[in-house]
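Sequential numbering from 1 along the given sequence is applied to the chain's residues.
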Amino acid sequence: MPQWTIYGRAECSLCDALLDDLMQLLAPEDAGRVEVIDISGDSQLESKYGSRIPVLMADGEFVCAYHLDLQRVRALLS
C-alpha cells in the first residue's frame, strides 16, 4: 500500500474533493497512510505546485492533479 500525499491549501474545495474521493477508495485501516500538506507559506512548495493544486502523490511519484484519477489510483491499489 503506497504512502499518499496530497499537496493543497486550506479551504480549497478541489483539495477537499480529491481527499474525500481518495478516502472512499481506501480501506479504513489505510486512511492513516494519507498525508495532507498545506503549501501556503512554503515558498518552495508554492513555486513547485502553485495553482496546480491539489496534487496527489503515491510514494513520492506523481499520480494526478486537480481531480482524482480513479483508474490510476485503482491500479496502485491492486
Side-chain angles (χ1 to χ4, degrees):
M1 176 62 58
Q3 172 65 44
W4 304 96
T5 306
I6 299 173
Y7 292 96
R9 289 190 182 88
E11 299 184 29
C12 165
S13 60
L14 281 177
C15 303
D16 294 340
L18 189 140
L19 176 61
D20 290 344
D21 291 345
L22 178 62
M23 294 306 251
Q24 289 179 16
L25 293 177
L26 298 180
E29 61 272 11
D30 296 323
R33 297 188 58 82
V34 178
E35 179 181 16
V36 178
I37 297 176
D38 187 342
I39 67 168
S40 302
D42 184 316
S43 60
Q44 284 185 321
L45 293 178
E46 284 277 358
S47 68
K48 186 172 185 175
Y49 299 111
S51 62
R52 189 175 170 213
I53 60 165
V55 172
L56 177 64
M57 309 285 276
D59 293 333
E61 298 294 322
F62 177 81
V63 176
C64 58
Y66 306 115
H67 302 283
L68 190 70
D69 183 335
L70 291 172
Q71 289 180 329
R72 192 112 192 262
V73 171
R74 284 184 178 138
L76 290 167
L77 291 172
S78 60

_Minimum heavy-atom separation for G8 and C15, please, with both atom names._
CA-SG, 3.6 Å
*Which residue pairs pass the salt bridge (Lys or Arg N to Asp or Glu O under 4.0 Å) test with at least one member in residues 1-22, sequence neighbours excluded?*
R9-E46
*Within-4.5 Å side-chain heavy-atom neighbours: V73 and L26*: no
_To check you understand the geometry: which heavy-atom pair defines the closest contact between G50 and I39, and what is its length?_
O-CD1, 3.8 Å
*Would you say the side-chain atoms of Q3 pair up with the backbone N or O of R33, donor to acceptor, closer than 3.5 Å?*
yes
*Can you tell me how far the CD1 atom of I6 sits from the CG atom of L19, to the nearest 0.5 Å?*
4.5 Å
_Please give me the minimum heavy-atom distance between I53 and L14, naming the atom from each residue._
O-CD1, 4.5 Å
*In one Ile/Leu/Val/Met/Phe/Trp/Tyr side-chain cluster, 4.5 Å: M57, I37*: yes
_Side chain to side chain, L25 and L70, heavy atoms closer than 4.5 Å_ = yes
*Residue pairs fulfilling side-chain hydrogen bond (donor to acceptor under 3.5 Å, both in side chains) with at least one residue in residues 60-78, sequence neighbours excluded*: none
_Residue pairs, two or more places apart or on separate chains, that pass ring-ring contact (aromatic ring centres under 6.0 Å, His included) and touch residues 21-52_ = Y7-Y49
*Measure across L18 and L68 and return the closest heavy-atom pair with its distance rounded to 0.1 Å.*
CD1-N, 3.9 Å
_Would a single hydrophobic cluster contain both V36 and L76, if residues Ile, Leu, Val, Met, Phe, Trp and Tyr are joined by side-chain heavy-atom contacts under 4.5 Å?_
yes
